[in-house]
Amino acid sequence: MSQILWVDDEIDLLQPYIIYLKGKGYDVTTATNGEDALDRLSESVPAIVFLDENMPGMTGLETLQEMKRLHPEVPVVMITKSEEEHIMEQAIGEKIADYLIKPVNPSQILLCLKKHVHQQAIVSEQVQQNYRQEWGDISYMIDTASTIEEWQAIERTLSKWDIDLENSAMRSLIEDQRTQANAAFAKWIAKNYESWFINREAINATTPRSDKPLMSHDLMKHSVFPLLDKGEKVLLCVIDNFRYDQWKTIQPLVSECYTVRAEEQYTSILPTATQYARNAIFSGLLPLQIQEMFPHLWVEEGDEESKNQHEKELVQTLFDRYRRRESFNYWKVNESDFCERVIQQLKSSQAPLNIVVLNFIDMLSHSRTESKMMRELANDEAAYRSLTLSWFRHSPIYELLRLASEMGLTLVLTTDHGTTRVKNAVQIVADKNTNTNIRYKVGKALNCSSKNVFSIEQPKRVGLPCPNVSSSYAFCTGSDFFAYPNQFNYYAQYYRNTFQHGGISLEEMIIPLVTLVPKR
């Protein structure tokens with residue numbers, strides 16, 4: 001039974017309301033002045049307070065201030081005869097839940113209770129009911145998907161329900177559907193991936209073939225060059241390891257200064273790892289082409305140096321090939337202090353294109369693997385989204401986007417790949433020169449007993465470098481990850497429930513590409 005505290009110096013006139021509410025199952029406690037109201041509040045904490053603004057002694061606003069000091073979590077609805085603007089502003093400034101003008105009717109009171117006491121339960125029940133009705137449709141979408149557009153729609157739908165059901169008892173159902181979807185998606189990728197690179201002309205095409213999805217190496221030509229051609233100044237913001245559900249989480253904040261012009265998704269190349277996918281974005285080339293055309297800009301798997309240290313040079317090669325004369329800025333942000341410097345440099349920039357790479361989410365993913373504390377803070381997808389939102393709200397990146405909006409820059413917000421939470425370890429045998437990523441392997445004599453692994457035996461056919469004549473690639477699908485037989489149980493336990501990338505899943509491959517325009 002929800003308890004209501006109703007404070008009004010004419011409480012006797014409100015008896016019909018009180019009787020009505022008690023008939024609805026509410027426990028109503030009353031007070032005729034501010035002092036008595038605070039005494040009642042000290043005895044028990046109600047679910048909501050209805051507070052008269054004009055009372056003798058302590059005014060409603062004075063009582064409100066003291067109530068918020070004692071119990072800031074309790075919603076207070078101010079009821080007043082006055083429609084003066086300054087009183088409303090004071091009440092709103094003190095964080096009232098609602099504001100009603102006398103005379104009020106029972107339906108207004110009941111609506112306030114539904115809104116401020118029962119909203120979460122009502123919304124949760126409605127969301128669960130909606131998901132039950134849509135569950136069969138989603139399963140049908142998964143079973144019949146045959147194009148990249150249909151898989152994109154599935155990822156959007158699953159992400160929506162991931163967010164809506166994150167605190168629901170039905171959480172396990174949406175997780176099961178995502179598992180089902182990823183299993184079917186992996187089979188579809190295995191069947192179709194090589195056909196997207198069937199000949200050299202397709203690899204080098206300026207625009208994707210009609211049967212080939214928009215991929216990493218198409219992004220600049222598809223989403224940035226046309227804006228520059230129209231004379232727009234552009235901020236390309238690449239957030240490493242950024243998923244579609246994370247974009248939907250931060251969208252309300254971005255929307256304070258930007259309006260979405262186009263929300264798309266594109267498909268990351270394999271492996272879904274920075275060395276391959278992000279270098280492909282900035283060069284407009286597949287990894288094999290980078291290695292062949294610019295060997296000094298390609299870093300092999302076994303090399304100790306950073307795999308993405310030549311991104312600015314790769315952008316320049318892309319501009320040179322297309323004979324583009326625009327100037328551009330490139331910044332890679334790993335820490336807040338440097339972002340502050342980027343903000344200052346952007347203020348004076350006259351370049352048509354400004355590129356910012358943000359590594360925070362990638363750093364979060366890695367630190368979560370290595371730190372027990374971070375595992376506790378981001379123990380599931382909902383917490384992972386929450387940390388992303390908190391970072392974005394409090395980081396200088398938020399200020400950077402505000403500045404870009406004020407400068408009139410069109411914003412292209414995207415990523416190089418997503419990430420997925422891994423759960424199941426599968427054994428793989430490989431030689432000592434094989435790479436360390438646990439979602440994909442490249443090397444000689446790869447041997448894995450799992451049927452869920454996708455292998456590419458002829459890497460050059462899909463635009464991937466081949467370190468040795470007999471090298472092949474193996475990719476984990478769904479929530480699997482690789483572990484070697486030596487100390488298998490240790491590594492299976494160590495990496496289980498960590499966020500990883502490099503393999504095949506909707507979260508890793510179907511990723512956001514959003515074009516936004518400044519709000520004027």
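FYI, the numbering just counts along the sequence from 1. These numbers were taken from a predicted model, which means no experiment stands behind them.
Ion pairing of R439 with D480 is absent here, as no side-chain N (NZ or NE/NH1/NH2) approaches a carboxylate O to less than 4.0 Å. Look at R324 and D229 and you find a salt bridge, because one of the NZ, NE, NH1 or NH2 atoms lies within 4.0 Å of a carboxylate O, short of that distance. Using a 4.0 Å cut-off between charged side-chain N and carboxylate O, K519 and E256 make no salt bridge.
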Which is it for T179 and S479 under the side-chain contact (heavy atoms from CB on, under 4.5 Å) test, yes or no, and what are the steps along the way? CA-CA 8 Å; T179 299; S479 59; 5.8 Å; no
Starting from the C-alpha separation in whole Å, work towards a yes-or-no answer on side-chain contact (heavy atoms from CB on, under 4.5 Å) for V299 and H310. CA-CA 9 Å; V299 181; H310 301 302; 4.2 Å; yes
Walk me through whether L409 and Y258 qualify under side-chain contact (heavy atoms from CB on, under 4.5 Å). CA-CA 10 Å; L409 303 186; Y258 272 97; 4.2 Å; yes
CA sep, side-chain torsions, deciding dist, call: S216, Y266, side-chain contact (heavy atoms from CB on, under 4.5 Å): CA-CA 8 Å; S216 307; Y266 82 96; 3.9 Å; yes
Would Q487 and Y494 satisfy side chain to side chain donor-acceptor pair (under 3.5 Å), going step by step from the backbone distance to the final call? CA-CA 11 Å; Q487 293 187 300; Y494 181 79; over 6 Å; no
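Side-chain atoms of Q316 and D320 form a donor-acceptor pair, as typed in the model, at a separation below 3.5 Å. Under the 3.5 Å distance criterion, with hydrogens and angles disregarded, a donor-acceptor pair is assigned to the side chains of D431 and T434. Between the side chains of T274 and H417, at least one donor N or O lies within less than 3.5 Å of an accepting N or O.
The cationic atom of R421 (NZ for Lys, CZ for Arg) does not lie both less than 6.0 Å from the six-membered ring centre of Y384 and within 45° of the ring axis.
Across every non-hydrogen atom of Y244 and Q265, the tightest pair is CD1-NE2, 3.9 Å. Between L270 and G503, the shortest heavy-atom distance links the atoms CD2-O, 3.8 Å. Smallest separation of non-hydrogen atoms from D218 and P213: OD2-O, 3.8 Å. Closest approach of F482 to Y440, counting heavy atoms only: CE1-CA, 4.0 Å. Summarising the geometry of I343 relative to P396, their closest heavy-atom pair is CD1-O, 3.6 Å, with the distance given to 0.1 Å.
For the side-chain contact (heavy atoms from CB on, under 4.5 Å) with L285, the qualifying choice from M293, E292, Q291 is M293, the only one to do so. Just one of E507, R243, E508, H501 meets the side chain to side chain donor-acceptor pair (under 3.5 Å) condition when paired with T420; it is E507. Of the listed residues (L411, L516, L413, V517), just one forms a side-chain contact (heavy atoms from CB on, under 4.5 Å) with V260, and that residue is L516. Considering D245, N130, L173 as possible partners of W161, the one that fulfils the side-chain contact (heavy atoms from CB on, under 4.5 Å) test is N130.
Inter-residue side-chain proximity for L358 and C339 is flagged as unmet; no heavy-atom pair is nearer than 4.5 Å. In this structure, E150 and W188 have side chains that are not in contact, with every pair of non-hydrogen atoms separated by 4.5 Å or more.
Between the CG atom of L288 and the OH atom of Y276 there is a distance of 11.0 Å, given to the nearest 0.5 Å.
Sorted by first and then second residue, the pairs that involve residues 259-284 and meet salt bridge (Lys or Arg N to Asp or Glu O under 4.0 Å), not counting sequence neighbours, are E232-R261, D240-R278, K248-E263, R278-E311, R278-D416.
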